[in-house]
Each structure stands twice: as structure tokens, then as C-alpha cells.
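See below for the structure under consideration.
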Amino acid sequence: MASRTPQDTSRQARIAEMRRAEKTRDRRNKILAITVSTAVVAGLVGFGAWVLIDQKQQEKDAEAARKAPVSGEQDWDVKKLGRNHVDTPVKYEMNPPVGGDHHPRWMNCNGDVYKNPVPEVNAVHSLEHGAVWVTYNEKAAKGDLDKLAETVGKTPYSLMSPVKEQAGAIMLSAWGKQLTVDGATDPRVAQFFTKYVQGPQTPEPGAACTNGLADK
């Protein structure tokens with residue numbers, strides 16, 4: 001058997017050292033991968049928990065808004081508001097009306113924004129179905145109207161139209177409920193929507209807000 005030369009010994013030593021370095025690198029990469037994976041999983045879990053907490057908080061806030069009275073709103077005795085379907089004109093005691101006898105056909109209220117006045121008798125039917133009706137006159141600022149139109153446009157069971165003769169610049173109506181505000185940023189606007197879109201005041205919850213009258 002031939003004896004190993006110094007060169008052979010040196011080459012084997014280098015190979016052994018390379019193997020040790022490779023094993024060390026593999027261990028380091030595995031540790032790094034595990035650490036990164038653990039951090040990612042922890043981050044995802046944390047983010048998921050945050051989303052869940054945030055969602056639950058939003059639900060609590062919405063429930064609180066539904067239960068809390070809307071400051072400054074007017075109420076009418078719903079027992080005294082007629083609900084008959086009629087084909088004749090109706091004289092309402094409030095403007096805009098918040099209930100009473102109305103036309104058999106409702107105004108489309110699936111986030112519909114009307115540029116022109118709509119028939120009261122049809123809009124009242126929409127309120128009976130649980131819609132919130134946003135109305136305004138020439139006193140309302142364009143920026144507020146744009147913001148309100150955006151809110152209505154993404155809210156099923158809502159509609160918006162001008163009512164020149166109304167007292168307030170901006171008014172929100174639901175069945176038996178009405179609120180007057182000066183601007184779209186009033187926090188009561190969001191509260192009114194949360195509380196009364198398909199809210200407990202609705203005589204016919206779940207009734208249609210489409211396939212009605214559309215007069216844009």
C-alpha cells in the first residue's frame with residue numbers, strides 16, 4: 001500500500017474543511033429558514049387576530065350606534081301613519097314625508113341618486129321597505145352632496161334626491177324618523193344610516209328596492 005504524500009493529506013484536509021463548512025452553512029440556512037417561517041406565521045397569526053379584533057370592534061360600534069338615540073332626530077307615531085296603497089295624490093304633514101299612504105310602486109332605492117325631484121308617494125313606499133332617503137335643497141354645499149351621493153351609491157336600501165321646499169339644507173328620512181344636518185361630515189349621518197337602513201322601524205323588512213320606479 002502506497003503511503004500518502006503531503007499533497008494527498010493536504011487535499012483531504014481541504015475537502016474535509018469544505019464539507020464541514022458546507023454542513024455549517026446548511027445548518028445556518030435551516031435555522032434562518034425556521035426563524036423566518038416562525039416570524040411569518042407569528043405575523044400572520046397576529047394580523048389575523050388584529051383583523052378579528054377590529055371586525056368585532058366595528059360590530060360593537062355598529063350595534064352601539066343602532067341602540068343609541070340619534071341626537072336631534074324627529075319621531076312620528078307610526079301607528080298614526082297610514083300604509084294604504086293609493087293611486088291618488090296624498091297630502092303629507094311633513095316635508096319630506098316619513099310615512100303615510102303611498103303609491104303601490106316604490107322608487108328604486110338600491111343606492112340610487114336622483115338628479116331631479118322624485119314623487120313623494122313612491123319615495124314613501126321605499127321608506128316602508130326600510131330605505132333611508134337623503135334629500136337636499138339649494139343651501140347644501142356641492143362637496144357635501146358629492147360625499148352623500150358616494151355614501152348612498154354604495155348603500156343598498158337608500159336613495160337621494162332634491163326637495164326644493166324642505167326646511168333644512170340636508171335631511172335624512174326613514175319610516176317615522178327624520179334628521180336635519182348642515183353637512184355630510186356630521187357624525188349623525190353615519191349613525192342614521194347604521195340605525196335605520198333596514199332598521200327596526202321598517203314595516204316591511206326585506207321587501208324589494210329594485211324593479212320599482214326609476215326616474216333619473
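Every heavy atom of this structure was used, including side-chain atoms; hydrogens, water molecules and symmetry mates were not.
- Listed here is the closest heavy atom pair of A149 and V113: O-CG2, 3.8 Å.
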Any chance you could lay out the side-chain contact (heavy atoms from CB on, under 4.5 Å) test for E120 and V163, step after step, and finish with the verdict?
-> CA-CA 10 Å; E120 294 178 332; V163 175; 5.6 Å; no
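- The number of heavy atoms from other shown groups lying within 6.0 Å of CG (D182) does not exceed 12.
- Both V78 and V124 belong to a common hydrophobic cluster when Ile, Leu, Val, Met, Phe, Trp and Tyr are linked at side-chain heavy-atom distances under 4.5 angstrom.
- Closest of all the heavy-atom pairs between G176 and L81 is CA-CD1, 4.0 Å.
- Inter-residue side-chain proximity for Q74 and M94 is flagged as unmet; no heavy-atom pair is nearer than 4.5 Å.
- At least one donor-acceptor pair closer than 3.5 Å links the side chain of K195 to the backbone N or O of A68.
- Taking the ring pair (Phe, Tyr, Trp, His ring centres under 6.0 Å) definition, one finds that H103 meets it with nothing, sequence neighbours left out.
- Ion pairing of D26 with K30 is absent here, as no side-chain N (NZ or NE/NH1/NH2) approaches a carboxylate O to less than 4.0 Å.
- No donor-acceptor distance shorter than 3.5 angstrom exists from the side chain of D144 to the backbone of G183, with no hydrogens or angles considered.
- Across all their heavy atoms, T202 and E128 have their closest contact at CG2-O, 3.5 Å.
- The backbone N or O of Q166 sits less than 3.5 Å from a side-chain atom of N137, completing a donor-acceptor pair.
- Follow the hydrophobic side-chain contacts under 4.5 Å out from W76 and you never reach M171; the two are in separate clusters.
- The local environment of CG in N84 is crowded, with over 12 non-hydrogen atoms from other residues, nucleotides or ligands closer than 6.0 Å.
- Smallest separation of non-hydrogen atoms from L159 and A131: CD2-CB, 4.1 Å.
- Using a 4.5 Å cut-off between side-chain heavy atoms of Ile, Leu, Val, Met, Phe, Trp and Tyr, with links allowed through other members, V40 and L32 fall into the same hydrophobic cluster.
- Remark: side-chain polar atoms of E73 are not paired, donor with acceptor, to backbone N or O of S173 under 3.5 angstrom.
- Considering only heavy atoms from C-beta on, V121 comes within 4.5 Å of Y92 through its side chain.
- Side-chain contact between L172 and R188 is absent, with no heavy-atom pair separated by less than 4.5 Å.
- For the pair N29 and R25, the minimum side-chain heavy-atom distance is below 4.5 Å.
- In this structure, Q198 contributes its side chain and H129 its backbone to a donor-acceptor pair below 3.5 Å.
- Using a 4.5 Å heavy-atom threshold, the side chains of Q191 and S71 count as separate.
- Using bins of under 30°, 30° to 60° and over 60° for the plane-to-plane angle, the ring pair H85/H125 lands in the tilted bin.
- For W106 (side chain) and L127 (main-chain N/O), no donor-acceptor pair under 3.5 Å exists by modelled atom type.
- By the 4.0 Å N-to-carboxylate-O rule, D101 lies too far from R83 to be salt-bridged with it.
- Counting heavy atoms from C-beta outward, T135 and S161 have side chains that approach closer than 4.5 Å.
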Residues M107, Y114; criterion side-chain contact (heavy atoms from CB on, under 4.5 Å); working and verdict = CA-CA 10 Å; M107 288 301 303; Y114 299 95; 3.5 Å; yes
Applying side-chain contact (heavy atoms from CB on, under 4.5 Å), run through K23 and R20 and close with a yes or a no.
-> CA-CA 5 Å; K23 288 181 179 180; R20 284 195 296 272; 5.8 Å; no
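- Between L148 and I170, some side-chain heavy-atom pair lies under the 4.5 Å cut-off.
- Put simply, the side chain of S158 never gets that close to the backbone of V132: no donor and acceptor are under 3.5 Å apart.
- Counting only heavy atoms from C-beta outward, the side chains of E138 and K164 approach each other to under 4.5 Å.
- A ring pair (Phe, Tyr, Trp, His ring centres under 6.0 Å) check over residues 151-195, counting only residues at least two apart or in different chains, returns the pairs F192-Y196.
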